[in-house]
Amino acid sequence: MTNAESRTERIRPLQFHQTPGLEDWRVVGEGACAYFRTGSFAAGARLVQAIAELPGVGDGEPDADVRHDGATVRLITVTDDYYGLTERHIELARQISAVARALDIPADPSGVQTVQVTVDALAAPEVVRFWRALLGYQDRANSGEDLIDPRRRGAPFYFQQMDAPRPQRNRVHVDVWVPHDQAEARIAAALAAGGRLVHDADAPSNRVLADPEGNEACVGVAGWPGPDPDGR
């Protein structure tokens with residue numbers, strides 16, 4: 001394999017998490033993310049400028065969201081047939097963390113999350129067509145069931161094919177993707193705030209919660225590095 005090929009080789013979230021030197025980063029639903037507590041917009045701008053000067057940065061990566069108190073940096077490859085992580089992201093993540101340390105800007109993995117809207121659909125192609133037009137979104141890697149914001153700002157939409165309507169369940173729910181080491185605390189907080197656990201057979205990768213009126217939401221993690229639910 002050539003060096004160029006290895007840099008574009010696809011990797012799974014677990015492989016990313018198990019790689020040394022990536023402690024600042026967490027893989028959530030929308031790629032590998034790091035949140036840096038800058039303390040000011042100006043400091044965030046300096047961080048992004050330093051990242052922009054790293055060799056190899058470009059071609060649409062990374063994404064950076066700068067706010068008054070912090071900056072979120074995201075690494076993800078978006079092509080016609082793939083939406084995810086590659087070998088290239090490992091070294092780029094290390095370089096970005098090094099830049100942040102040089103600027104004395106700490107990372108806070110607890111500040112990472114992504115949100116996805118999931119729609120239960122009986123006639124999925126027709127429903128997807130409507131939302132694609134309404135939102136101005138595009139297909140994610142030609143999946144036919146996922147829509148993403150081409151500007152990478154809005155929450156993605158996932159359309160879950162149903163065989164029959166669910167009259168006693170909401171047809172639209174929110175998926176909240178959090179770091180693997182933050183999921184238990186987030187779920188505990190939601191339960192303490194009046195929620196209830198509906199389904200945990202897919203834990204730790206996914207749990208279904210409901211608010212006091214029964215509206216459901218899922219809490220998901222990607223690449224959980226701990227033992228599997230059977231203790232292996």
Side-chain angles (χ1 to χ4, degrees), residues 8-14 16 26-33 59-65 72-86 89 112-180 183 186-187 190 195 197-211 213-224:
T8 58
E9 183 179 359
R10 301 173 182 182
I11 62 173
R12 303 291 296 171
L14 180 58
F16 186 93
R26 298 292 185 274
V27 181
V28 286
E30 297 298 294
C33 299
D59 298 327
E61 295 184 86
D63 292 337
D65 182 350
T72 300
V73 182
R74 180 177 70 159
L75 301 173
I76 192 165
T77 291
V78 181
T79 67
D80 288 341
D81 63 354
Y82 184 61
Y83 191 90
L85 298 171
T86 65
H89 296 134
V112 171
Q113 77 169 27
T114 61
V115 174
Q116 172 179 281
V117 178
T118 297
V119 180
D120 291 345
L122 295 173
E126 291 83 355
V127 173
V128 171
R129 187 180 306 119
F130 167 83
W131 287 99
R132 185 191 297 117
L134 179 66
L135 297 170
Y137 276 20
Q138 64 187 31
D139 293 339
R140 180 192 339 226
N142 294 324
S143 73
E145 60 186 20
D146 296 273
L147 296 177
I148 58 172
D149 181 355
R151 292 159 294 280
R152 306 193 199 184
R153 295 180 301 192
F157 273 57
Y158 168 64
F159 297 85
Q160 183 169 258
Q161 179 66 55
M162 306 302 297
D163 296 326
R166 292 177 171 170
Q168 296 179 339
R169 176 182 171 185
N170 51 305
R171 296 281 297 277
V172 178
H173 71 268
V174 174
D175 294 331
V176 182
W177 292 85
V178 297
H180 59 80
R186 184 67 65 89
I187 291 168
L197 182 65
V198 176
H199 180 78
D200 66 353
D202 299 319
S205 62
N206 184 71
R207 295 179 178 91
V208 181
L209 308 181
D211 69 16
E213 293 191 349
N215 300 301
E216 295 181 1
C218 295
V219 179
V221 302
W224 190 62

Qualifying residues under side-chain hydrogen bond (donor to acceptor under 3.5 Å, both in side chains), relative to [X], sequence neighbours excluded:
X    : result
S205 : none
R151 : D149
H180 : none
D139 : R132

Original post:
Any idea how F157 and Y137 line up, ring-wise: parallel (<30°), tilted (30 to 60°), or perpendicular (>60°)?
Top reply: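 It falls in the perpendicular class, over 60°.
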Listed partners of [X] passing salt bridge (Lys or Arg N to Asp or Glu O under 4.0 Å), at least two apart:
X    : result
E61  : R88
R74  : E30, D63
D200 : none
D80  : none

Original post:
In chain order, what residues pass the side chain to side chain contact (heavy atoms under 4.5 Å, CB included) check against Q113, with sequence neighbours excluded?
Top reply: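 Listed in chain order: V115, V176, V178, R186.
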Subject >> Residues that Y82 engages under side chain to side chain contact (heavy atoms under 4.5 Å, CB included), provided they are two or more places apart >> reply: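 With sequence neighbours excluded, Y82 shows a side chain to side chain contact (heavy atoms under 4.5 Å, CB included) to R10, T77, T79, T86, given in chain and number order.
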**OP:** Might you point out which heavy atoms bring V221 and P204 nearest each other, and give the distance in Å?
**Re:**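 For V221 and P204, the tightest heavy-atom pair comes out as CG2-O, 3.2 Å.
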Original post:
So which heavy atom on V73 is nearest to which on P62, and how close?
Top reply: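 Here V73 and P62 meet closest at CG1-CB, 3.8 Å.
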Original post:
Under 3.5 Å, is there a donor-acceptor pair linking the side chains of D175 and T118?
Top reply: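 On atom types as modelled, these side chains qualify, holding a pair under 3.5 Å.
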**OP:** Name all residues meeting the ring pair (Phe, Tyr, Trp, His ring centres under 6.0 Å) criterion together with Y83; count only those two or more places apart in sequence or in a different chain, and write none if there are none.
**Re:**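 For Y83 there are no ring pair (Phe, Tyr, Trp, His ring centres under 6.0 Å) partners, ignoring immediate neighbours.
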Original post:
When rounded to the nearest 0.5 angstrom, what is the spacing between CZ in R171 and CD in E216?
Top reply: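 Going from CZ on R171 over to CD on E216, the span is 13.0 Å.
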Original post:
Measuring from R26:CZ to T114:OG1, what's the distance to the nearest 0.5 Å?
Top reply: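 The CZ atom of R26 sits 14.0 Å away from the OG1 atom of T114.
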Subject >> Criterion side chain to side chain contact (heavy atoms under 4.5 Å, CB included) on I76 and R152, from CA distance to verdict >> reply: CA-CA 11 Å; I76 192 165; R152 306 193 199 184; 4.0 Å; yes
**OP:** Go through the steps to decide whether F159 and L147 satisfy the test side chain to side chain contact (heavy atoms under 4.5 Å, CB included), and finish with yes or no.
**Re:** CA-CA 8 Å; F159 297 85; L147 296 177; 3.6 Å; yes
**OP:** Begin with the C-alpha distance, continue with both residues' side-chain angles, and end with the deciding distance and a verdict on side chain to side chain contact (heavy atoms under 4.5 Å, CB included) for N206 and V219.
**Re:** CA-CA 6 Å; N206 184 71; V219 179; over 6 Å; no
Original post:
If you look only at pairs with a residue in residues 116-129, which of them pass as a salt bridge (Lys or Arg N to Asp or Glu O under 4.0 Å), with sequence neighbours excluded?
Top reply: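 The answer is D120-R166.
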Subject >> Any donor-acceptor N/O pair, Q161 side chain to L122 backbone, under 3.5 Å >> reply: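 Pair found, side chain donor or acceptor close to backbone of L122.
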